[in-house]
Visitor: 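Here it is, the structure in full.
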Amino acid sequence: AQSVAQPEDQVNVAEGNPLTVKCTYSVSGNPYLFWYVQYPNRGLQFLLKYITGDNLVKGSYGFEAEFNKSQTSFHLKKPSALVSDSALYFCAVRDGRGSTLGRLYFGRGTQLTVWP
Amino acid sequence: EAGVTQSPTHLIKTRGQQATLRCSPISGHTSVYWYQQALGLGLQFLLWYDEGEERNRGNFPPRFSGRQFPNYSSELNVNALELEDSALYLCASSRTPNYGYTFGSGTRLTVV
């Protein structure tokens with residue numbers, strides 16, 4: 001079965017400091033991994049994805065994520081946080097096999113707050 | 001290019017009524033997905049349509065149904081509305097199932 005865990009409901013960080021939002025996953029086959037961000041009363045915006053290749057993926061707005069197969073993790077990172085990064089972040093995984101083809105499994109989300 | 005568009009933005013219905021939500025995917029995208037985002041429950045997968053066919057369905061009762069039209073737009077119907085159906089309904093599209101999704105801004109359904 002496929003699943004995603006985001007162990008922290010909330011992450012608080014000071015502006016200018018590095019931030020990390022954690023994600024671990026479980027999938028039968030090779031994982032396709034995604035990060036999305038949601039601002040209040042809005043849909044989800046795509047940040048970045050890992051399909052194959054380099055374990056460090058760079059995405060939108062200065063975010064990056066590191067795929068670690070042995071730890072089944074895909075943590076989202078940014079070297080220097082901005083107040084405008086404050087939002088709800090979702091990690092998602094897809095397994096390309098079988099009847100769940102196409103379906104993304106989402107974590108419960110992590111609320112990031114960056115304070116000035 | 002235009003993004004995924006959903007209508008209406010907000011919808012208020014009375015318990016027992018029917019709601020119809022609409023979604024237009026990005027041009028060239030053939031797959032449409034529906035998710036429910038209820039308070040405290042995260043994103044729950046509802047339905048996946050591809051090339052006009054229902055490909056996968058989440059763990060929702062049959063009163064949640066939908067369809068995809070020849071132009072790849074989609075409609076989600078919720079019959080016999082219950083208070084617990086109040087949520088943000090998100091539609092997403094992708095070029096093929098191998099790609100990630102692009103989401104619309106959602107329809108906020110309130111059942112009173």
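All values below were derived from every heavy atom in this structure, side-chain atoms included, with hydrogens, water molecules and symmetry-related copies excluded.
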Visitor: Do you reckon B:V78 sits in the same ILVMFWY cluster as B:I12, going by side-chain contacts under 4.5 Å, direct or chained?
Guide: no

Visitor: So do B:Y35 and A:F106 actually touch side chain to side chain, heavy atoms under 4.5 Å?
Guide: yes

Visitor: Taking A:L33 as the starting point, is it possible to reach A:V21 by hopping between hydrophobic residues whose side chains are less than 4.5 Å apart?
Guide: yes

Visitor: Do A:F46 and B:T102 make a side-chain contact, defined as non-hydrogen atoms from C-beta onward lying under 4.5 Å apart?
Guide: no

Visitor: Assess whether atom CZ of A:R42 is packed by more than 12 heavy atoms of other residues, nucleotides or ligands within 6.0 Å.
Guide: no

Visitor: Which answer fits A:Q45, side chain, backbone, both or neither, if we ask what part of it has an atom under 4.5 Å from a heavy atom of chain B?
Guide: neither

Visitor: Using a 6.0 Å cut-off, check whether atom CG of B:L39 has over 12 heavy atoms from anything other than its own residue.
Guide: no

Visitor: Looking at side-chain heavy atoms only, is the closest gap between A:Q38 and B:L43 below 4.5 Å?
Guide: no

Visitor: Can you tell me if A:Y36 uses its side chain to pair, donor with acceptor, with the backbone of B:Y101 under 3.5 Å?
Guide: yes

Visitor: Relative to chain A, which segment of B:Q37 carries a heavy atom at a distance below 4.5 Å: side chain, backbone, both, or neither?
Guide: side chain

Visitor: Taking atom NZ of A:K22 as the centre, does the number of heavy atoms from other residues, nucleotides or ligands within less than 6.0 Å exceed 12?
Guide: no

Visitor: Just checking B:N59: does its CG atom have more than 12 heavy atoms from other residues, nucleotides or ligands closer to it than 6.0 angstrom?
Guide: no

Visitor: Which heavy atom of A:L44 sits nearest to which heavy atom of B:F103, and what is that distance?
Guide: O-CB, 3.3 Å

